[in-house]
Amino acid sequence: MARETGQRAMTESDFHLDQATGPTIDFTRLYRLWEEHNWSALGLDFTTDSHDWHERFTPTQRRAARWNYALFLHGEDAVARTLAPFVTAAPTQEQRIFLTTQIVDEARHHVFFSRFMREVAGDGHDYVSTLEAARPDLTRGFRQVFDELDRLTDKLRRHPRDLVLYAQCVALYHIVIEGLLAHPGQHFIRTYLAATRLLPGFSEGMANIARDEARHMAFGLQVVKDLITSSPRAREAVIALLERVLPWTLAVFVPPNFDHDYVRVFDFELRDIYAFGLRSLEAKLTRIGIAPTEIVSLVQTAVDAPVEEQARRSLVLLEAGVIGDTVPLQVNDEVLALLFDGMERVANMRPPRDLPGPIQWAFTNARPWYLAVEDARVIVHQGSASAPALTLRCDVEDWARIAGRKLDARWALLTRRLRLEGERRLALRLPALLGA
Ligand SMILES: [Fe+2]
Ligand SMILES: [Fe+2]
């Protein structure tokens, strides 16, 4: 539904979401904007969209769009289903009222994607069958993140007075899922469709959704900011949540068989999406008062470098199978160098003052590396240290599995896939040193 002329569409920048300091978000104003910006998912005209889909999209574009929109269809269904416990847990009436409007929004977003997939792409004949048709397209990262949303919101339903849990739920829902995952996807879909003037009905719906999501993210940022500013326990819990889910989020946008054509057919690269997502996330963290340099999984991929470089590193580790479960593990020199660089960065978040000597990695099938403290900083080197205090022996794939949290280091020790020589007590400090 088109807005009356003269009324400017609200965008994320209206809320200063990506600025370190912005005005306090007034929940009543958000409610008013919701009233003003209501729209109809059933009223959109998909006639031209059907023509574009069948006549102007190539078969590869149709396959790629189906995969991409499937993630949105299921994402909208999941967020509509899981928001109700937030309403009971919200500590103020203003928050409860806003959250109630958001449930309506998310249901409408689901109706929109479901209608498009059914009426234009021809998948399914009702809400349930359309969801089922899209289910095989869900990625492993998607399932991990949304399983966690189900788990946490179910816990919130059982413990509605737990404000720390409420802070974690809002952080997962509004900052990670809406801010880090949905926002970049929407941005790139809209950019391509605007440039090509394809799918006008779908584009109109996506513009409405983007406006709704800007309100949702503004709400979430304010709620989390207030809660973690007033409660160190809430702050710690939100950081712990981010450490747990951020590695999964990296695998959400991995296309089938890691085929880059799924995004290239729409004129962008996976790296663009990852960089956009990281920029959005890091700005939002700063906005709520958490420095990105406090988050181990961001520090590991060089949070002080430009987001394009952070995105490149994440994709190298994903394509090597170190993170995510999308491809078989393949560790080459570049991957190993990135793993040790990440270790060095994490170790320097709290550099140890009293390391008794270097720690050596003696790989059975790759060149050795070691870690030493020099001028109060941890430095990693390729090669052999002259007198290591501790030596770890394993094959390079097992070390990559341990670094990628796919193999538990204690289990590797018990099964002798990992062996230690030297000051074994030093090994007890490795997890703290490496942020594992
Ligand atoms: Fe939504
Ligand atoms: Fe939303």
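Numbers here are sequence positions counted from 1. Note: hydrogens, waters and symmetry copies are ignored here, and every other heavy atom, side chains too, is used.
Rounding to the nearest 0.5 Å places OG1 of Thr101 at 9.5 Å from CD of Glu35. Note that CG of Leu198 and CG of Leu193 are 6.5 Å apart. Values are rounded to the nearest 0.5 Å. To the nearest 0.5 Å, atoms CG (Leu172) and CG (Leu149) are separated by 5.0 Å. Here the CG-CG distance, from Leu329 to Asp398, works out to 9.0 Å after rounding to the nearest 0.5 Å. To the nearest 0.5 Å, atom CG of residue Leu317 and atom CD of residue Gln300 are 8.5 Å apart. Here the CZ atom belonging to Arg161 is positioned 10.0 Å from the OG1 atom belonging to Thr88, to the nearest 0.5 angstrom.
Not a single donor-acceptor pair under 3.5 Å links the side chain of Asp259 to the backbone N or O of Pro255. With hydrogens and angles ignored, the 3.5 Å screen pairs no side-chain donor or acceptor of Tyr173 with any backbone N or O of Phe86. For Arg235 (side chain) and Gly289 (main-chain N/O), a donor-acceptor pair under 3.5 Å exists by modelled atom type. A donor-acceptor pair under 3.5 Å is formed between the side chain of Arg115 and the backbone N or O of Leu44. Checked by atom type and distance alone, the side chain of Arg66 pairs as donor or acceptor with a backbone atom of Ala121 at under 3.5 Å. Gln222 places no side-chain N or O within donor-acceptor distance of the main-chain N or O of Thr24, the cut-off being under 3.5 Å. For the pair Gln310 (side chain) and Thr301 (backbone), a donor-acceptor distance under 3.5 Å is absent. Between the side chain of Asn348 and the main chain of Glu344, a donor-acceptor pair closer than 3.5 Å is present. Judged by distance alone, the side chain of Gln95 and the main-chain N or O of Ala90 form no donor-acceptor pair under 3.5 Å.
Here the shortest heavy-atom pairing between Val265 and Thr60 reads CG1-CG2, 3.7 Å. Closest heavy-atom contact between Thr28 and Asp26: N-OD1, 2.9 Å. Minimum heavy-atom separation, Gln61 to Phe266: O-CZ, 3.4 Å. Closest approach of Ile323 to Leu318, counting heavy atoms only: O-CD2, 3.4 Å. Minimum interatomic distance between Val331 and Ala400 (heavy atoms only, all atoms of both residues): CG2-CB, 3.6 Å. Closest approach of Ala311 to Leu278, counting heavy atoms only: N-CD1, 3.8 Å.
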- Task: Quick one: do Thr293 and Asp304 satisfy side-chain contact (heavy atoms from CB on, under 4.5 Å)? Show the steps, please.
- Result: CA-CA 8 Å; Thr293 49; Asp304 54 348; 5.7 Å; no

- Check the pair Ile359, Trp361 against side-chain contact (heavy atoms from CB on, under 4.5 Å), reporting the backbone distance first and the verdict last. CA-CA 7 Å; Ile359 299 174; Trp361 278 258; 3.7 Å; yes

- Any chance you could lay out the side-chain contact (heavy atoms from CB on, under 4.5 Å) test for Asp52 and Phe57, step after step, and finish with the verdict? CA-CA 6 Å; Asp52 289 348; Phe57 264 20; 5.5 Å; no

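The existence of a salt bridge linking Arg151 and Asp147 is excluded, since no basic side-chain nitrogen approaches an acidic carboxylate oxygen closer than 4.0 Å. Contact check on Arg313 versus Glu309 returns a salt bridge, with a Lys/Arg side-chain nitrogen under 4.0 Å from an Asp/Glu carboxylate oxygen. Look at Arg244 and Glu148 and you find a salt bridge, because one of the NZ, NE, NH1 or NH2 atoms lies within 4.0 Å of a carboxylate O, short of that distance.
Summarising the local packing, CZ of Arg135 is surrounded by more than 12 heavy atoms from other residues, nucleotides or ligands at distances under 6.0 Å. The 12-atom threshold is exceeded at CD of Glu132, counting heavy atoms of other residues, nucleotides or ligands nearer than 6.0 Å. Around CZ of Arg264, the count of heavy atoms belonging to other residues, nucleotides or ligands within 6.0 Å exceeds 12. Arg410 CZ: 12 or fewer foreign heavy atoms inside a 6.0 Å radius. Shown here is Arg32, whose CZ atom has no more than 12 heavy atoms of other residues, nucleotides or ligands within 6.0 Å. Taking a 6.0 Å sphere around CZ of Arg62, one finds it holds more than 12 heavy atoms contributed by other residues, nucleotides or ligands. Residue Asn257 qualifies as open at atom CG: its count of foreign heavy atoms under 6.0 Å is 12 or below.
Leu227 pairs in a side-chain contact (heavy atoms from CB on, under 4.5 Å) with only one of the listed residues (Val224, Val223, Thr229), which is Val223. When each of Tyr262, Phe142, Phe72, Phe253 is tested with Trp67 by the rule ring pair (Phe, Tyr, Trp, His ring centres under 6.0 Å), just one qualifies, namely Tyr262. Between Phe116 and the choices Leu73, Thr130, Asp49, the side-chain contact (heavy atoms from CB on, under 4.5 Å) rule is met once, by Asp49.
Side-chain polar atoms of Asp212 and Trp39 form a donor-acceptor pair below 3.5 angstrom. A donor-acceptor contact under 3.5 angstrom links the side chains of Asn38 and Arg108, judged on distance only. With 3.5 Å as the limit, one finds a donor-acceptor pair spanning the side chains of Ser114 and Arg118. There is a side-chain donor-acceptor pair under 3.5 Å between His216 and Glu213.
Val373 is not listed as a side-chain neighbour of Pro351, based on a closest heavy-atom distance of 4.5 Å or more. With a 4.5 Å cut-off on side-chain heavy atoms, Ile103 and Val87 count as touching. With a 4.5 Å cut-off on side-chain heavy atoms, Arg81 and Asp150 count as touching. When side chains are defined from C-beta on, Pro247 counts as touching Arg405, because their heavy atoms get closer than 4.5 Å. Using a 4.5 Å heavy-atom cutoff, the side chains of Met217 and His174 are not in contact. Contact annotation: the side chain of Thr249 approaches that of Leu181 to within less than 4.5 Å [non-hydrogen atoms, C-beta and beyond]. For the pair Lys225 and Lys284, the minimum side-chain heavy-atom distance is 4.5 Å or more. Looking at heavy atoms from C-beta onward, Ile175 lies out of side-chain contact with Leu180 at the 4.5 angstrom threshold.
For an aromatic pair to be called close, the ring centres must be under 6.0 Å apart, and Trp53 with Phe46 fails this. If you look at His110 and Tyr127, their ring centroids are closer than 6.0 Å. For Phe146 and His74, the distance between ring centers is not under 6.0 angstrom. For an aromatic pair to be called close, the ring centres must be under 6.0 Å apart, and Phe268 with Phe188 satisfies this.
Note on ring orientation: taking the six-membered ring where Trp is involved, the planes of Phe27 and Phe219 are tilted (angle from 30° to 60°). Using cut-offs of 30° and 60° for the angle between ring planes, the Phe202 and Phe112 rings count as parallel.
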